[in-house]
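Below is one structure, written out as structure tokens; the observations come after it.
The sequence lines fix the lettering, A, B, ..., with proteins before strands; numbering per chain opens at 1. All figures in this text were calculated on a predicted structure; none of them were measured in a lab.
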Amino acid sequence: MQPNYNPKDIEATAQQYWEDKQAFRAEAKSDKPKYYCLSMFPYPSGKLHMGHVRNYTIGDVLARWHKMRGYNVLQPMGWDAFGLPAENAAIANKVPPAKWTYDNIAYMKQQLKSLGFAIDWSRELATCKPDYYKWNQWLFLRMLEKGIAYKKTQVVNWDPVDQTVLANEQVIDGRGWRTGAIVEKREIPGYYLGITQYAEELLADLDKLPGWPERVKTMQANWIGKSFGVRFAFPYTLDGKDEKLWVYTTRADTIMGVTFVAVAAEHPLAQHAAKSNAQVAAFVEKCKHTSVMEADMATMEKEGVDTGLKVTHPLTGEQVPVWVGNYVLMGYGEGAVMAVPAHDERDFGFAKKYKLSIKRVIKTYDELNFEKGLRENHLLEPALLSKYRVPIAAGTEHIEEALSLYLRFDPDEDWKPSYADYGFCVNSGKYDGLIYQQAVDAIAADLKAKGLGDKQVQWRLRDWGVSRQRYWGCPIPIIHCDTCGSVPVPDDQLPVKLPEDCVPDGSGNPLHKRADFLNCTCPKCGKPAKRETDTMDTFVDSSWYYSRYASGFKSDAMVDEETNYWMPVDQYIGGIEHAILHLLYSRFWTKVMRDLGLVKYDEPFANLLTQGMVLNHIFSRRTDKGGIEYFAPEEVELVKDEAGRVTGAKSLADGSTVDYQGMGTMSKSKHNGVDPQALIEQYGADTARLFMMFASPPEQTLEWVDSGVEGAHRFLKRLWNFCVLIQKIQETNPQSDDDIQKASGIYGKHIMGSPSQYPKVARREIHLTLKQANYDLTKQQLNTVVSAAMKMLNALGEFPLYRKEDFEVILEGLSILLRLLSPICPHITHALWRELGYGDDILAADWPEPLAAALEQDEIELVIQVNGKLRGSLRAAKSADKATLEQLALAHEAVQKQLAGGTAKKVVVVPGRLINVVI
RNA sequence: GCCGGGAUGGCGGAAUUGGUAGACGCGCUGGACUCAAAAUCCAGUGUCUGUGAGGAUGUGAGGGUUCGAGUCCCUCUCCCGGCACCA
């Protein structure tokens, strides 16, 4: 055994051992229960960053832990290899995205291997390979046949200078990131996948996922957004023709408070008004430059203009003005909304801004309760006043004043959130007094009778637009023929291969210039035709890779029967940022595959662990052109205020000022990723893994700091040194108490306390800590598993070897410690397990379980509190009953001191824990 | 803005789910070893107060429930993730 811990040697040796034994190859034939452990595959951005190390170490710990507990484990790995960064790299370095991507994969694969992950590399895949993306195309064609895929117009960001479509990420404050040009909205045709056809099932099946975090299920449910409302129409006459303006609302109870209607700029009514009204025309034009992003839509200044047109209120018959609003989107719902300024915050602000009338039609339950509470109590109670936040002195009798303060509805003042609360109708004619559901029922019935509307279920979820006007993606298998229109590529001509030698230059899709790709013959009529140049959203690639891993990689089928053995994934691990889109798309894709008879499962991921993001500082600066550039944290010097908070930064290169953007996810595009390579080279993979797991629990956001790496490494060195010592003692083959004392160097020295108690205490500590660690593993709280291993080493190291049998306690404890630590630090534990002669392969060892006999104790310590404050403690027999404990506590000097001769009002005894004396 | 989550010493975090707040580690301070340094080992370390035993105070802010609140309830502040073309 080497006297010093040398991670380079032992890690290489351990990895070679696993390689030789093909230790992580998964076979679908097994008597053992299966465990499919999957970490989200990486985008090959160039180098791993700490988020990857965190993600894959968590997965590896769980995979190895299950392997040791007797499961048949599959842990695969691959590459989410299509995407925008490859094109950006091509623009910057003039290298084809394919070459850049394959080089990155090679480098990152070697990085992953050096971390010692228990991956079955025989199942590696890359989504940019034709044998993979062929099946994207094949399934897309099946969806087309079933009417799940279809074509319609989509709105995109258009950079007028580069003449190209921009991703949302590439639009900074309404301008193109490279050109600084003001971005325009453009409508172009594109393909959509009908995920809304599965909305009901996607929502309902969340209940079949007990192994998912509640927060993720809540987010998905809110995203799908099932709502029960009323769709109805405002009739109007235009150019002598009777027309209807349709809207949808979930608040039909407020319909009598409608004072205007707002339509999108692209709505036919707005378009009509624009023809004769220059003001409307100008506004419609201006709306072309508003953002397509929801976050921008929600925060931007709400603006509008009166079209001068009027529609008829379907129930009152009143004439209602029609406005164009920049906050109404043509693509969503009807492209028009009813406005009830009294009970909707957005409408309220809009009405006040443009001096439109506000009509109150709802009185809330709170108002009713408040009024009732006041009248019944006569006196104003503080609790009631504070609950309703009425600024009036408590205890007075000014009931009418309090009522007027709370009940006052004043459109001249600011909006109050309570205006949007549910309640009962007022100022609503025949509907007065009806509560929400009654009012909605009555109003829907009346509208239906007039043929102007009905109840309708609506979803927030929209169909999935999959067309991307980009080169580095999976080609959409469509051929455009002048005679036959859009024709699907026949199955036997799949895959439509993407040429791998293009170099994008930022001005549109290079496929447009590739005659060899573009020109083809129409499969229907045989005439010359053009290929579709749009490629698929990369979320398509990641929507089914898990089922491909789990199958035999057949060239003649998307998946095979093996997928039904491994699937669903038993543990999926990935960043919380994927909580909605990726996970929802994957669930949808699985259900489509199931309906096509390809797979037999409804849901792809049985258990989900959402890893917290690894954050680092973000620094950026505007370029001369108005675009944006990012600086890596190592390129700048922080500027801090007196409180030590980061306020800005300076470039180390030229001392110029750089903007501080706060903390954010490590990413290639923001240049704030930390490469683990230096860490691995200096300290080894085990230290990197240990530190990452110890830093915080998996689900928690982690702000990157590397202080503490030393500590993790120190622990491994201490462990190594301790094992060296133990091996030396072992080699002396001690036969007596004297032998063991001589070997451990305590012979003839005085030992404090009673040496016979030490092994018992240490052994209990080991088993108790193991119990906690095993429990933490089930909770996937891995940072405290590391603490447990540290505690065990502390316990073993503190304990003097006095009797011959004490050495057995050490050997037992050490075997527990090594096995517990092995999923986190597989290399060092592999080496030590063999060195100390426990066996050949720690992976084949049984997982340790705490022994009841080691945990037993007959006396326990109880805490004594007086009025909930800690005042002392006492030792009592484990079997002592409540009355005995109460007597002991009352007799305790600390309690006597507090009582000062008085008597206790009450004594609370919590068995095994504490006694609280109330005086 | 909307949806979801978070906030505990100088720092990362722990707390058996309402029962001893600060486990474990980092950092810092002091000491041992050394010609010296590194490494290693030992001791201390929330804050205030006290020579000391001790006392007071303390889990983002404010209020509430309880014998007892980091944990439950209400209100607020700040931070992070997502918002449909980053992946």
Distance in angstrom units between [X] [atom1] and [N] [atom2], rounded:
X	N	atom1	atom2	result
A:Met293	B:C86	CE	C1'	11 Å
A:Gln781	B:U17	CD	P	13 Å
A:Asn672	B:C86	CG	P	17 Å
A:His617	B:C79	NE2	P	15 Å
A:Lys47	B:A87	NZ	C1'	19 Å

Taking NZ, NE, NH1 and NH2 as the nitrogens, is one of them in [X] or [Y] under 4.0 Å from a carboxylate oxygen of the other?
X	Y	answer
A:Arg346	A:Glu303	no
A:Asp534	A:Arg468	no
A:Arg913	A:Glu861	no

**OP:** Identify, between A:Ile188 and A:Val918, the residue whose nearest nucleotide on RNA chain B lies closer to the 5' end.
**Re:** A:Val918
Original post:
Which of the following nucleotides, B:U40, B:C86, B:A84, is nearest to the side chain of A:Lys717?
Top reply: B:U40
[X] and [Y]: side-chain donor and acceptor closer than 3.5 Å?
X	Y	result
A:Thr610	A:Glu699	yes
A:Asp159	A:Thr164	no
A:Gln220	A:Arg587	yes
A:Arg718	A:Asn794	yes
A:Ser696	A:Asn783	no

Each nucleotide N or O in nucleotides 80-83 of chain B that has a protein N or O under 3.5 Å away: list the pair and distance.
from  : atom 1 : to       : atom 2 : distance (Å)
B:C80 : OP1    : A:Met663 : O      : 3.2
B:G81 : OP1    : A:Thr665 : N      : 3.1
B:G81 : OP1    : A:Thr665 : OG1    : 3.2
B:C83 : O2'    : A:Glu294 : OE1    : 3.4
B:C83 : O2'    : A:Glu294 : OE2    : 3.4
B:C83 : O2     : A:Glu294 : OE1    : 3.0

Original post:
In which ranges does RNA chain B form stems of 3 or more consecutive Watson-Crick or G-U pairs, distances under 3.5 Å?
Top reply: B:1-7 with B:77-83, B:10-12 with B:24-26, B:27-32 with B:40-45, B:46-49 with B:54-57, B:60-64 with B:72-76
**OP:** Would you classify A:Gln772 as touching base, sugar-phosphate or nothing, given that sugar-phosphate means primed atoms plus P, OP1 and OP2, and contacts are heavy atoms under 4.0 Å?
**Re:** nothing
Subject >> Syn/anti state of B:U16 by chi, 90° boundary around 0 >> reply: anti
**OP:** Answer syn or anti for B:G9, where the cut-off is 90° from 0 on the glycosidic torsion.
**Re:** syn
**OP:** Can you check each nucleotide of nucleotides 19-32 of chain B against protein heavy atoms at under 4.0 Å and return B for base, S for sugar-phosphate only, - for none, in 5' to 3' order?
**Re:** BB--BBSSS-----
